[in-house]
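What you see is a predicted model, and the numbers here were worked out from it, not measured in a lab. So that the names make sense, note that chain A is the first sequence line, chain B the second, and so on, each numbered from 1.
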Amino acid sequence: MKPSTRRMKVRDEREGSPWTGLGAVLTKEMADHLTGVRVLILEMLVLLTAVGTIYTALQNIRPGSNNEFLYLRLFTTAQEPLPAFVFFLAILVPLIAIALSFDSINGEFNRRTLSRVLAQPVYRDALLMGKFLGGLLTLTMVFSAIWLLIFGIGILRLGVPPTAEETGRALWFLLGTIFYGGIWMALAMLFSTVFRSPATAALASIAVWAFFIFFWNIVVGIVAPLLGPQQITTLEQLVAAGQLQMILTRLSPITLYADIATIMLQPTERFLGFVLPVQLDRAIQSPLPLGQSLLVIWPQLTGLIAATILLFALAYILFQRQEIRA
Amino acid sequence: MTDLVLETKGLTKRYGDFTAVERLDLSVRRGEVFGLLGPNGAGKTTTILMLLGLTEPTEGEVSVLGFDPARQPLSVKKRVGYMPDQVGFYDDLTARENLIYIAKLNGIPRDQIQRRVEEAIERVRLTDVIDKRTGTFSRGMRQRLGLADVLVKKPQLIIMDEPTQGLDPELAHEFLGMIHSLKEEGTTILLSSHLLHQVQAICDRVGLFSRGRMVLQGTVPELARKVLGGAYRIQLETEGSAAKFRKALEGLRDVNAVTVKDGRMIVEAQKDIRAEAAEAVVKAGGRLRGLSVESQSLDDIYTRYFEEAKHETVN
């Protein structure tokens with residue numbers, strides 16, 4: 001077949017670097033995000049929840065009562081009626097990520113800037129990658145600022161400096177938060193490639209988000225027993241059924257993120273999910289060192305990153321194949 | 001070095017069963033303005049996208065400035081400026097910022113960007129609004145900014161898709177004037193349009209498109225000769241019986257045909273023979289009231305060609 005072999009050849013011999021122009025796209029995207037009203041609103045929202053939850057957390061934390069990991073407790077302490085900051089993060093981060101990228105591709109298309117940009121000496125790779133990295137870097141900047149703010153408030157109100165252990169844990173949690181955002185950003189970007197209308201892309205992304213937030217646990221509760229044996233008679237079967245349920249819940253990025261938050265912010269948590277009392281026998285009830293905690297959530301962390309890359313790759317393939325003309 | 005800036009051989013694009021462009025042989029010489037003309041949906045935009053490497057051809061060969069757009073898209077796009085139909089800008093950015101982005105994508109050295117952008121904008125006379133957001137721009141201003149956007153990279157070849165579409169006649173005329181001055185500076189231009197009469201004046205050569213195929217190619221007078229028979233149509237308004245001078249006119253050199261329509265005589269000739277025709281009428285004892293030569297319009301050529309084509313298929 002002449003045409004197909006020719007096309008293969010073309011792919012192989014593609015001239016120049018696919019990243020030509022990446023820097024230009026990246027700086028423009030970040031400038032757009034950081035000067036845009038949309039990001040400003042989202043920043044205010046996160047800032048408000050951060051200050052609110054940290055303030056109530058501070059009311060609960062009395063220096064002297066239990067001096068360990070005060071800064072981490074800023075993230076996790078809740079007081080009625082306000083949940084802890086991590087809870088808000090689990091809900092808000094996806095929304096922010098979606099808001100940053102639901103119109104990234106179809107917006108260019110509808111503004112008719114796509115053909116003009118792609119007529120410049122850059123590959124589509126650079127455009128998509130630049131948009132994604134621009135969004136991710138914006139997320140990184142926003143959350144780094146929030147983290148610093150939390151630590152700043154902490155220093156002022158608690159009067160003790162954070163330990164290296166706390167700082168390390170907070171940084172790993174920051175990394176987890178960014179890639180938790182990355183998943184949703186890649187998802188929204190995927191939808192913005194598939195759907196021509198930004199509103200549809202936004203709705204589809206929000207639908208996935210709502211599904212995982214509200215319904216995934218219910219779905220798992222229904223599906224897991226159907227997949228396992230009808231009647232559980234032995235201990236092994238019980239363990240197997242429990243593990244199956246856990247695997248299913250972990251398909252949700254929200255579960256993965258919650259796991260990371262639990263282990264990283266509460267050093268005394270040593271296990272995730274299903275543990276038999278036998279396994280806890282002779283376990284010492286003391287906080288884990290950072291390295292050990294990291295080992296516990298390593299699969300979750302890499303899972304988040306892998307899912308982000310996978311979704312991005314899918315968006316990438318679809319975008320490469322898309323016709324540019326209206 | 002070859003004089004051809006752009007060449008295609010047997011270029012074909014199919015979308016499933018639909019053939020958008022079929023076996024296109026096109027060649028554009030350095031410094032000329034070539035018009036791809038035809039109705040909407042005839043395959044003009046698809047052709048342009050293939051020339052830029054934005055769509056892969058199904059079959060055939062393309063060479064743009066000596067590069068293959070499918071294999072060396074960066075080299076092609078660095079040297080070729082493309083102005084899409086209904087050019088779009090980032091409405092939140094100013095004209096300057098929009099163009100700076102494009103300049104950066106082209107890898108223009110940092111210290112030259114400002115100057116190049118300002119030059120391009122001055123060229124299209126938008127300097128007073130250079131720092132205004134493009135969201136406030138009118139259709140005509142956007143079109144001019146689109147041209148500036150192409151000029152930033154100092155292209156050797158400019159490809160424009162429907163450059164005058166949606167412009168009022170005055171703006172269209174102004175825009176065509178800009179294209180003309182670019183041509184005079186030696187830039188090669190390929191433009192597509194369905195508004196035949198508008199672009200007729202500035203195109204050195206044209207290719208007429210219909211349903212994915214280029215049916216005619218050449219200069220306007222060439223096409224007129226080919227399709228309309230005579231390149232010149234001379235109208236004579238006379239007093240008295242027209243039949244009397246008909247013979248005299250038919251006897252002139254270079255005359256292809258003489259027809260009478262609404263009391264006027266129309267002489268189709270290969271040359272401008274107004275003087276000879278007038279003389280012939282007077283010699284034959286007639287009185288001449290009016291004499292004019294009709295310039296050949298592409299619209300006529302196009303309509304006539306398809307009438308004939310239809311006729312042939314019916315027979």
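A:Lys28 places a side-chain heavy atom less than 4.5 Å from the side chain of B:Leu93. A:Glu323 is listed as a side-chain neighbour of B:Thr55, based on a closest heavy-atom distance under 4.5 Å. A:Arg111 is not listed as a side-chain neighbour of B:Phe89, based on a closest heavy-atom distance of 4.5 Å or more. Contact annotation: the side chain of A:Arg116 never approaches that of B:Tyr82 to less than 4.5 Å [non-hydrogen atoms, C-beta and beyond]. For the pair A:Pro121/B:Asn106, a side-chain contact is recorded, criterion being any heavy-atom separation below 4.5 Å from C-beta on.
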Item checked: Test log, rule side-chain hydrogen bond (donor to acceptor under 3.5 Å, both in side chains), inputs B:Lys153 and A:Gln120 -> CA-CA 9 Å; B:Lys153 66 165 106 170; A:Gln120 311 310 324; 3.2 Å; yes
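The contact between B:Pro84 and chain A is made entirely by side chain atoms (from C-beta outward), counting heavy-atom distances below 4.5 Å. With a 4.5 Å cut-off on non-hydrogen atoms, A:Asn110 does not touch chain B at all. Only the side chain of A:Thr20 comes within less than 4.5 Å of a heavy atom of chain B; its backbone N, CA, C and O stay farther away. Contacts of B:Asp149 with chain A are made by side-chain atoms alone, with heavy-atom separations under 4.5 Å and no backbone atom involved.
Distance check, rounded to the nearest 0.5 Å: CG of B:Leu52 to CG of A:Leu118 gives 10.5 Å. In this structure, OG on A:Ser115 lies 8.0 Å from CG on B:Leu49, to the nearest 0.5 angstrom. Atom OG1 in A:Thr27 sits 11.5 Å away from atom CD1 in B:Ile100 (nearest 0.5 Å).
Heavy atoms from other residues, nucleotides or ligands lying under 6.0 Å from CE of B:Met141 number more than 12. Other residues, nucleotides and ligands contribute more than 12 heavy atoms inside 6.0 Å of the CZ atom of A:Phe88. A 6.0 Å sphere centred on OH of A:Tyr55 holds no more than 12 heavy atoms belonging to other residues, nucleotides or ligands. Counting non-hydrogen atoms of neighbouring residues, nucleotides and ligands closer than 6.0 angstrom, the CD atom of B:Glu122 reaches no more than 12 such neighbours.
Pairing each heavy atom of A:Val122 with each of B:Leu105, the nearest pair is CG1-O, 3.8 Å. Listed here is the closest heavy atom pair of A:Ala24 and B:Tyr101: O-CE1, 3.7 Å.
Ranked by heavy-atom pairs under 4.5 Å with chain A, the list B:Gly146, B:Gly53, B:Ser75, B:Gly81 is led by B:Ser75. Between chain B and the options A:Gly21, A:Gly23, A:Ala119, heavy-atom pairs under 4.5 Å are most frequent for A:Ala119. When the candidates B:Lys104, B:Lys78, B:Gln86 are compared by the number of heavy-atom contacts under 4.5 Å with chain A, B:Gln86 comes out ahead.
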